[in-house]
Amino acid sequence: MIEFTLWDILRNLLLATRWTILLSLVSFVGGGIVGLVVMFMRISANKAVATAARAYIELFQGTPLLMQLFLAFFGLALLGMTVPAWLAAGLALILWTASFLAEIWRGCVEAIAKGQWEASASLGMGRIQQLRYVILPQALRIAIPPTVGFSVQVVKGTALTSIIGFVELTKAGTAVTNATFQPFTVYGLVALIYFALCWPLSRTSQVLERKLNVAHHNH
Amino acid sequence: MGYQLNFGWLPQYLPVLIDGIGVTIYLMAVGAVLGCLLGTVCAWTRALGPNWARPVVVAYVELIRNTPFMIQLFFIFFGLPSLGVQMSELEAATLAMIVNLGAYSCEIIRAGIQATPRGQFEAGASLAMTPFETFYHVVLIPALQRIWPALSSQIVIVMLGSAVVSQIAAQDLSYAANFIQSRNFRAFETYIVSTLIYLVLSILLRQVLAGIGWALFPKRKAAR
Amino acid sequence: MHRRSFITLATLVAATIGLAVPAQADALADIEARGTIKIAVPQDFPPFGSVGTDLQPVGYDIDMAELIAEKLGVELELVPVTSANRIPYLQTGMVDLVISSLGKNPEREAVIDFSDAYAPFFNGVFGPDTVTVAAIEDLGGYTLGVTRGSVEDLELTELVGDDVTIQRYEDNNGTISSFLSGQVELIATGNVVAAAILERNPPIRPELKFLVKNSPCYIGMNKDEPELMAAVNAIIADAKADGALEAISMEWLEQPLPADL
Amino acid sequence: MSLITITEVKKRFGDNEVLKGINLDVDKGEVIAIIGKSGSGKSTLLRCVNGLETINDGSISVAGAQLLPGEAALKALRLKIGMIFQSFNLFPHLSAGRNVMLSQMVVKKTPKPQAEEMARRMLDRVGLLHKFDAYPDELSGGQQQRVAIARALAMEPLGLLCDEITSALDPELVNEVLAVVKELASEGMTLLMVTHEMRFARDVCDRVVFMHEGRVHEIGAPDTVFSNPQTPELKQFLGML
């Protein structure tokens, strides 16, 4: 019968980690793009557009990611699209990520003092120009630490995709557990790999935040 | 053959859903109360506690915050028995919720403590209060008030994250959904219904937390 | 916040009510046109399907899937599924066939069609030496692990009394892990599955306590696909006749096929 | 008999020696003002007496309680002497009355009715009994500082340390606070105060201490110190040069 050495276990987990990383990147980049659109809609002067964005955010932040994954998985297929697990996983994670990033970024835009809007308006800039030349460059700086911080949530969120059958780190962990009967070792290793992925991101976010705070106080 | 949405199964399985909702609310309530308590103790330890205990808390917080909830759950439920630590699925789920929220709330509450003006600590000291008395009577409530919105969001996030406990057969709302869809073969409709229930729960939870904040902190302004 | 939430709810409800979708017409023609057949297989259910050291699925069901693809002359795409989601996979068209040690029962027959049987399967209740039960009636007070939506689950849920706790896991990984880590005292699963676990020298040994049901495995497909059904049944019949199925059985179950299959 | 004894106290922040050997005895009932430029070490000295800063050398004792590290010693010291801060430091989540009651109940384990009675008496003493249920953010700066004084008095200290208690106040609110302090002085409370109110120091104090670069540069009766300064530093500080 098949025997797993510790190296076999680790090798399989590391191979599966590739998919965790890939899915995280896709979700984060895709979520960033969608999130940017949602954020602009959310701060739009048009009430209907802003309300739609708010409903979107409320929906995706107010329901479990797991349910969103199930719905994307089974729902898309009902719409006549045959989706492989990775596509449903990617789509659900993108939409979920977007809802959080949109709110984080809106907070950053709104943290820019009102005086900046008024000053740029008094110079005759339109709303888009105000955003483009005055508000966003400032908001971008304060947005980086929380954005990097949220990337940790995205990496961890990919673990749930194992439930709809996408073979990434967690799924590999359960499969290997079942083949080796060593849950303590396997889940311990899985946790360590996630930690190795997430901790540098957490640290970076904390360090950036501290730098930003120091820079802020020196003004 | 066209696929028609069908909610005819709903009355038959309503009791199952209600049981699931009960367990989800139980997990959320116990997790939130004990999790915040653990978080407060850890925050105190990190900000003001004995030197030897601080690295322990840091390690705990970092480990939990940088690994997925599901892995923590699997580790507790499937992994710990090999060390002789055995618990039921509901106990394991509750423990995982507490440990998880404990780590997040520790960081949030610590931020609230650190934002406390130094004068508050000194005023407590000059009135002959011990550091712990000062923390408990003077620092804690305004600190909680400062971070209540952030803490509330985190509690909602952890509640929604609890959907994963069905993976160890804890019989919460997501377990009910999975159970029903394995019987009625109406996966999409079942998940739509349960997702909507979660949405309602999270909205209600936020209202409840806002109410608790209102009752706990009658005065709106905290020292900054 | 109330207003906002209400709008969200209303939008979602409106979106779901307006939904009604057509499924594909002739599955066999689609498969041939595509040149690929997508087959759902287990990867947590030895010896029908489990992973090797390279995490690729292997087992009885996988060999069966290969046989069918080969006979149909199309490429094979294996889709690993769990017991709980294999029927939704089929219903939503994500796979063409389910070859996942699928047992037949009236509930399932209401939503999908079954081919002829392709593998024997006896499910039963298993547990370590320390537990003495010999029949359904002895289960009182014990905690029993099953995989949600499996034949064992549906069967035992009907049969046992209220004093038996049934824990339902999402997939066989969960069921087996819960047994091996001592979280449940007994599990209900296939006899060959228990045998495969025993072979790997587990910490807690699943010995047979009693058999619950003779429930051979069938290939599942969507309803009203007569062409596909005919093609699959022909392949199974041929495989029984020419010894191909016997060979698969000898390799994975280490016993010949029963005569009545 | 001296209530506060400060002997050869030295205090360093890193390489910066802020107090370079301070000697000062404060008698019971005495009112002393400490004046000097910012950075001369006067606030630090006050904070040392209350144990808010550790000292590097020398000793401080208040009515027999020595300044020593450790919670018990600090508590004993602080029970004998109260402190009032520049920034009031009222507890924002508690009403004025509760602010005054808290430490009595926590530290002295005074039962609630007695603590409340004491709080009412002390608030009455500073003229704020009608603000018993008001929260700090509903009070003016001068009122907040008077509550802070009541809060310190409720612990029945032998003396009070006042650290620039009027510096954060709008000019029109300074007098209401000084009036309370003056009242305390006339009742025989021992006061050691850092202040910029020269007029007040001259009128109320028994002695004035001029600190310069971490040392007691001149000390004496107010008339002497203000009318007849001996050193060029004090003269410069008083604007006489």
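So you know, we letter chains A, B, ... as the sequences are listed, proteins then strands, and number each from 1. Keep in mind that what you see is a predicted model, and the values were worked out from it rather than measured. Side chains are part of it too, since the values below use all heavy atoms of this structure and drop only hydrogens, waters and symmetry mates.
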Please report the interatomic distance [atom1]([X]) to [atom2]([Y]), rounded to the nearest 0.5 Å.
{"X": "I192(B)", "Y": "T63(A)", "atom1": "CD1", "atom2": "OG1", "answer": "10.0 Å"}
{"X": "T190(B)", "Y": "F70(A)", "atom1": "OG1", "atom2": "CZ", "answer": "11.0 Å"}
{"X": "S194(B)", "Y": "L66(A)", "atom1": "OG", "atom2": "CG", "answer": "9.0 Å"}
{"X": "E58(A)", "Y": "S202(B)", "atom1": "CD", "atom2": "OG", "answer": "6.5 Å"}
{"X": "S174(B)", "Y": "I163(A)", "atom1": "OG", "atom2": "CD1", "answer": "8.0 Å"}
{"X": "I71(B)", "Y": "L192(A)", "atom1": "CD1", "atom2": "CG", "answer": "11.0 Å"}

Inset, instruction - Tell me the residues of residues 10-28 of chain B whose non-hydrogen atoms fall below 4.5 Å from those of chain A, in number order. - result: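 Within residues 10-28 of chain B, no residue comes under 4.5 Å from chain A.
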Inset, instruction - Pull out the residues in residues 144-160 of chain A that come under 4.5 Å of chain B, heavy atom to heavy atom, sorted by number. - result: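 Within residues 144-160 of chain A, near chain B: V152(A), Q153(A), K156(A), A159(A), L160(A).
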Legend entry - Atom group of L83(B) that falls short of 4.5 Å from chain A, counting heavy atoms: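 Looking at L83(B), just its side chain touches chain A.
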Legend entry - Contact origin within I64(B) toward chain A - heavy atom pairs under 4.5 Å: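 The backbone, not the side chain.
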Inset, instruction - Heavy-atom pairs under 4.5 Å with chain A are the metric here; pick the option from V164(B), L201(B), V156(B) that has the most. - result: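 The answer is V164(B).
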Inset, instruction - For each of M70(B), Q181(B), Q72(B), tally heavy-atom pairs with chain A at distances under 4.5 Å, and name the one with the top tally. - result: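 The option with the most such pairs is M70(B).
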Measure across [X] and [Y] and return the closest heavy-atom pair with its distance rounded to 0.1 Å.
{"X": "F184(A)", "Y": "G79(B)", "answer": "CD1-O, 3.3 Å"}
{"X": "L160(B)", "Y": "P64(A)", "answer": "O-CB, 3.4 Å"}
{"X": "R206(B)", "Y": "G62(A)", "answer": "NH2-CA, 4.5 Å"}
{"X": "F195(A)", "Y": "E62(B)", "answer": "CE1-O, 3.3 Å"}
{"X": "L59(A)", "Y": "L199(B)", "answer": "CD1-CD2, 3.9 Å"}

Take atom [atom1] in [X]; do more than 12 heavy atoms of anything else shown fall under 6.0 Å from it?
{"X": "W117(A)", "atom1": "CH2", "value": "yes"}
{"X": "W44(B)", "atom1": "CH2", "value": "yes"}
{"X": "W9(B)", "atom1": "CH2", "value": "yes"}

With a 4.5 angstrom heavy-atom cut-off, which part of [X] approaches chain B: side chain, backbone, both or neither?
{"X": "F60(A)", "result": "neither"}
{"X": "T185(A)", "result": "neither"}
{"X": "T177(A)", "result": "neither"}

Inset, instruction - Measure centre to centre between the rings of Y187(A) and F75(B), then say whether the value is under 6.0 Å. - result: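 No, they do not, as the ring centres are separated by 6.0 Å or more.
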